[in-house]
Amino acid sequence: MSEHLHQLAGAYALDALPDEEQEEFERHLRGCESCQEEVAGYRETAALLGAAAAEQAPAGMRARVLDAIDQTPQDAATADRTPPQPATSPRAGPTPTTAQPPAHPRATGDGTPAAPASLDAARDRRRRRGRFDLQHSGVAAAAAAVAVVVVVGAGAVVGQRLGDEAQPGDAPAWLDEAQTASLSGTEGVTARFAYHPERDQGMLLVEGLEPLDPDRSVYQLWLFHDEEPVPAGVFTTDEDGTARVPADAQVVGAELVAVTVEPPGGRPTPSGEPILAGQL
Amino acid sequence: MLMTAAEVRWHERIQSCGLTQPSDDELLTAVAQGDREAFATLYDRLADGVFGVVRRVLRDPSLAEEVAQEVMLEVWRTAPRFAPERGRARTWVFTMAHRRAVDRVRSEQAGRDRNDRYGLADQRMPFDVVAEEVESRLESKQIRAALNELTDLQREAIELAYYGGHTYEEVARLLDIPLGTAKTRLRDGLIRLRDRMGVTA
């Protein structure tokens with residue numbers, strides 16, 4: 001039986017197996033290291049066959065692809081990194097909507113718990129520099145009242161993704177052991193920053209955040225280190241307002257996480273007050 | 001326009017290494033971090049290859065363009081899943097391109113005998129199809145030479161399977177050989193190509 005399956009390795013690597021045999025071989029492949037090595041060598045060889053057939057791509061294709069990636073969120077990194085199966089139907093990108101100015105947080109009154117000293121110092125410094133004015137926005141108060149939740153299962157935290165993309169397997173494995181911090185500052189938006197206590201990994205999970213027109217503005221994620229905002233990635237949300245944004249900056253040691261609205265491509269420093277913020 | 005932090009870091013890394021050109025693997029790793037400029041560079045390197053292989057399988061140029069675009073978007077979307085220790089970025093992309101093209105050609109022509117439309121001769125890799133403006137890389141020359149070193153039977157089987165998108169059963173039927181022979185020729189041919197090209201995966 002397994003002798004028969006080994007014989008299929010070449011055809012498999014050339015994508016020359018009919019569907020049922022392909023599935024059977026892939027099941028076998030998961031547990032057979034020698035077949036994996038053999039197939040890897042054939043795949044690399046087949047890729048050379050592919051490259052040899054190169055033909056000038058149509059002129060308009062480049063612009064269309066580069067435009068489309070602005071509307072296309074990226075998957076999270078997975079523990080099991082294999083070339084994904086092609087989807088049976090092309091995925092439609094989100095429809096761009098006109099940018100709505102995000103609701104500004106109301107300044108809160110008393111009754112809010114005192115923020116830690118470092119945050120006070122940060123606020124003072126920032127007031128002098130004229131950037132984030134956390135004390136006079138409701139965001140600081142909201143950030144101080146943080147719920148730290150241990151994520152039990154990745155599915156419970158991660159919002160629904162675009163169309164047919166929602167698969168538990170897509171969430172990174174470390175989410176199972178992650179802590180989360182809530183972000184707040186904009187009504188109707190649920191936002192959490194999941195981060196692993198030891199690994200330098202973090203991910204913003206947001207729902208109910210209005211998608212932006214990427215030609216005009218993007219959301220930008222920031223992580224604060226020593227009270228300095230460090231850019232951690234730009235994103236937009238899909239049409240139901242969700243996004244999963246891996247943090248593209250050091251997470252370990254960060255005190256605060258925040259989201260601002262910035263021009264396309266983002267900025268090295270924030271241009272104004274955050275629409276969402278949370279304390280780590 | 002100000003560069004994103006990722007773009008700034010990317011450029012710093014390039015300069016500090018003293019490299020003039022990042023490898024495909026490095027580009028794809030940067031793409032996985034959301035680096036759009038790295039993606040544009042990778043696109044410029046691979047788009048002709050992706051379009052070419054997709055077109056060979058699908059034949060129809062506008063369908064090929066549609067699928068090639070899907071492939072490049074999938075590269076962007078799934079780049080975080082790329083693991084350089086598991087194989088080359090180029091292999092990853094071409095694997096994706098070929099699988100998507102084959103899936104598409106089979107669903108487009110389900111129920112029809114594809115041999116009715118295209119004769120065996122069309123499945124061979126025509127050297128004249130490759131546009132002269134496309135730089136022919138050393139590897140491409142080598143693989144063509146390696147293909148020519150196969151037996152006619154092995155080469156035909158591989159071309160029908162890879163460029164034609166046929167299953168090994170269809171290859172057996174088209175070449176009028178037993179199923180086992182078709183499997184063996186595909187595997188033996190691949191082994192010879194692999195060894196000839198010095199692939200050590």
Side-chain angles (χ1 to χ4, degrees), chain A residues 7-11 13-18 37 40-58 61-62 64-66 68-70 72-78 81-88 90-91 230-234 246 248-249 263-268, chain B residues 1-2 4-6 33-34 36 39-40 43 47-49 51-53 55-56 65 69-70 72-73 76-83 86-88 90-92 94-96 98-100 102-103 125 130-131 133-134 139-140 143-144 161-162 166-169 183 186-187 190 193-194 197 199 201:
Chain A
Q7 285 290 329
L8 297 179
L14 295 170
D15 299 316
L17 291 181
E37 278 181 34
Y42 296 156
R43 285 284 190 205
E44 196 172 326
T45 309
L48 295 172
L49 287 173
E55 187 181 330
Q56 190 162 39
M61 187 169 132
R62 187 182 197 272
R64 275 192 292 276
V65 169
L66 292 183
I69 67 170
D70 289 342
T72 309
Q74 293 180 297
D75 289 357
T78 55
R81 297 191 218 178
T82 52
Q85 300 286 347
T88 49
R91 198 165 51 80
V230 176
V234 295
D248 183 27
R267 282 172 45 100
Chain B
M1 190 183 83
L2 293 170
T4 64
Q33 302 289 313
R36 285 158 62 243
F39 178 80
Y43 176 95
D48 290 348
F51 178 71
V53 68
R55 182 152 192 272
R56 291 289 286 116
E65 183 178 351
Q69 269 175 205
E70 286 172 16
M72 294 314 299
L73 283 183
W76 167 261
R77 185 175 59 81
T78 60
R81 297 200 215 176
F82 168 66
R86 288 249 202 127
R88 302 170 71 193
R90 199 163 271 257
T91 301
W92 195 78
F94 276 98
T95 298
M96 199 179 290
H98 191 261
R99 285 165 86 171
R100 207 175 248 273
V102 167
D103 275 4
M125 183 175 61
V130 178
E133 308 89 81
V134 175
E139 275 180 341
S140 291
I143 192 78
R144 290 178 213 196
Y162 189 78
H166 290 288
T167 64
Y168 76 90
E169 292 161 340
K183 277 186 261 187
L186 290 177
R187 190 154 172 260
L190 264 181
L193 287 176
R194 180 197 68 191
M197 296 300 293
V199 169

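Each chain gets a letter, A, B and so on, in the order its sequence line appears, and its residues count up from 1.
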Review point. Where on B:Y43 is there a heavy atom nearer than 4.5 Å to chain A: the side chain, the backbone, both, or neither?
Key: side chain

Review point. Using a cut-off of under 4.5 Å for heavy-atom pairs, which of A:A9, A:G10, A:G233, A:P18 has the most such pairs with chain B?
Key: A:P18

Check your understanding: Does any heavy atom of chain B fall under 4.5 Å from the side chain of A:R64, the backbone, both, or neither of them?
Key -> side chain

Check your understanding: If you count heavy-atom pairs under 4.5 Å with chain B, which of A:A11, A:A57, A:A13 comes out on top?
Key -> A:A57

Revision key, fill the gap. Output for pair (B:L190 CG, A:E44 CD), nearest 0.5 Å, gives 12.5 Å

**Study point:** Interchain contact, A:P246 with chain B, by part (heavy-atom threshold 4.5 Å)
**Key:** neither

Review point. Are any side-chain N or O atoms of B:W92 and backbone N or O atoms of B:F82, one a donor and one an acceptor, separated by less than 3.5 Å?
Key: no

Check your understanding: Is there a side chain to side chain contact (heavy atoms under 4.5 Å, CB included) between B:Y162 and B:V53 once you walk through the steps?
Key -> CA-CA 9 Å; B:Y162 189 78; B:V53 68; 3.6 Å; yes

**Study point:** Options A:L66, A:D70, A:L17, A:L48, ranked by heavy-atom pairs under 4.5 Å with chain B, top entry
**Key:** A:L48

Review point. Between B:R144 (side chain) and A:A52 (backbone), is there a donor-acceptor pair under 3.5 Å?
Key: yes

Review point. Out of curiosity, B:H166 NE2 to A:L14 CG, how far, rounded to the nearest 0.5 Å?
Key: 13.0 Å

**Study point:** When B:M197, B:M72, B:H98 are compared by non-hydrogen pairs under 4.5 Å with chain A, the top option
**Key:** B:H98

Practice item. With a 4.5 angstrom heavy-atom cut-off, could you sort out which part of A:I69 is near chain B: side chain, backbone, both or neither? Key: both

Review point. What distance separates B:Y168 OH from B:R187 CZ, expressed to the nearest 0.5 Å?
Key: 13.5 Å

